[in-house]
Amino acid sequence: MKHKAILISAVAVLAAVAIAGTQAVALKRVVKAGDKATYAMKLNLDFQGTAVDVTFDSISTITKVNDDGSHVAVEENKNMVVMVGGQEMAGAGEDETITTTYAKDGSIIKIEASVSTGDEYRLANLSATLWPTKPVDVKSKWEGTSKGDSAKGTFDVAHSYEVLAREKLMGYETFKVAYSTKETGGGTASSTGTIWLDLKSGLPIKVEGEMKSVPIQGVPVDATFVLTLKKP
């Protein structure tokens, strides 16, 4: 009987661990001023039939966190290399700085860019992660909308997400999330892919995606990309 009691206790403990391991997470972006993350970007563009490959490092620094939950991030894009048809374009890779204010829900409030193309808001809305309003776990789905603004040249964007799995990546416990974003109300740009989000902070650890008809200097372009967090 004693051994049976021990076995029952062990099963109960394992069951409790299993339940705790699948507990839903209040997934959101948690930041403080001074937080910094460096990423490597690989971008492959089909520019009207010409292959354009771009690589650069992106350093994102949180400069301000507001009382309403919004925050400001300064993104410095450096070491840019542009290859056109397999040949490097000398002087084509210019360093740039983009300052973005994010709302608490992940939507874009304001963008200031050192090198403006006029397409910053449309690209940012397609790339934004809108956070779920309730805790999520594997198989959870949620949706959201980025509202268009004619003054900024943007359209409504429909966002949808699904948690595919929990995975450990680069030492982080993450949700592997499939996402889809698509302009509506006249816009034709869209993006689909997979993003790995740190469970504790919502920090993107890796993003793999495909974009269709996204505006690059006013020209609709198809592209694929991989964004990967670089270890400190």
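The shown structure was predicted, so the numbers you read here are calculated from the model rather than taken from an experiment.
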Mind listing the closest non-hydrogen atom pair of [X] and [Y] along with its distance?
X	Y	result
A33	V65	N-CG2, 3.8 Å
P204	V207	CB-CG2, 4.4 Å
T192	S180	CG2-OG, 3.8 Å
L130	S107	CD2-N, 3.6 Å
K110	Y121	CA-OH, 3.5 Å
I216	F47	O-CE1, 4.4 Å

Straight-line distance of [X] [atom1] to [Y] [atom2], nearest 0.5 Å:
X	Y	atom1	atom2	result
D198	L229	CG	CG	9.5 Å
K230	I59	NZ	CD1	8.5 Å
H159	D156	NE2	CG	9.5 Å
I195	T129	CD1	OG1	4.0 Å
D222	N44	CG	CG	12.5 Å
T55	F225	OG1	CZ	15.5 Å

With a 4.5 Å heavy-atom cut-off, do [X] and [Y] have their side chains touching?
X	Y	result
V163	V177	yes
R166	V138	yes
I62	Y102	no
S140	Y161	no
V30	K200	no

*asked:* Looking at W196, I'd like to know if the NZ or CZ of K206 sits under 6.0 Å from its six-membered ring centre while staying within 45 degrees of the ring's axis.
replied: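 Geometry flag: set, cation within 6.0 Å and 45°.
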_Would D137 and F175 count as a side-chain contact (heavy atoms from CB on, under 4.5 Å) here? Give the steps._
CA-CA 8 Å; D137 204 342; F175 272 148; 3.9 Å; yes
Do [X] and [Y] land in one hydrophobic cluster if side-chain heavy atoms of ILVMFWY residues count as linked below 4.5 Å?
X	Y	answer
V136	L203	yes
V221	M211	yes
L199	M170	yes
I111	L126	no
M41	V226	no

Could you tell me whether a side-chain N or O of [X] sits under 3.5 Å from a main-chain N or O of [Y], the two making a donor and an acceptor?
X	Y	value
N66	G69	no
S114	T97	yes
N79	F56	no
E208	T194	no
R29	S201	yes

*Of T100, T154, L123, which is the lone residue that meets side-chain contact (heavy atoms from CB on, under 4.5 Å) with I108?*
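So, applying the side-chain contact (heavy atoms from CB on, under 4.5 Å) to I108 and each of T100, T154, L123, only T100 qualifies.
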*Is K141 salt-bridged to E143, cutoff N-O under 4.0 Å?*
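Not counted as a salt bridge, because no side-chain N and carboxylate O are separated by less than 4.0 Å.
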*Taking atom NZ of K28 as the centre, report whether more than 12 heavy atoms of other residues, nucleotides or ligands fall under 6.0 Å from it.*
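No - once you tally the heavy atoms of other residues, nucleotides and ligands closer than 6.0 Å, there are 12 at most.
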*Restricting to pairs with a member in residues 33-42, which pass side chain to side chain donor-acceptor pair (under 3.5 Å), not counting sequence neighbours?*
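Found K32-D35.
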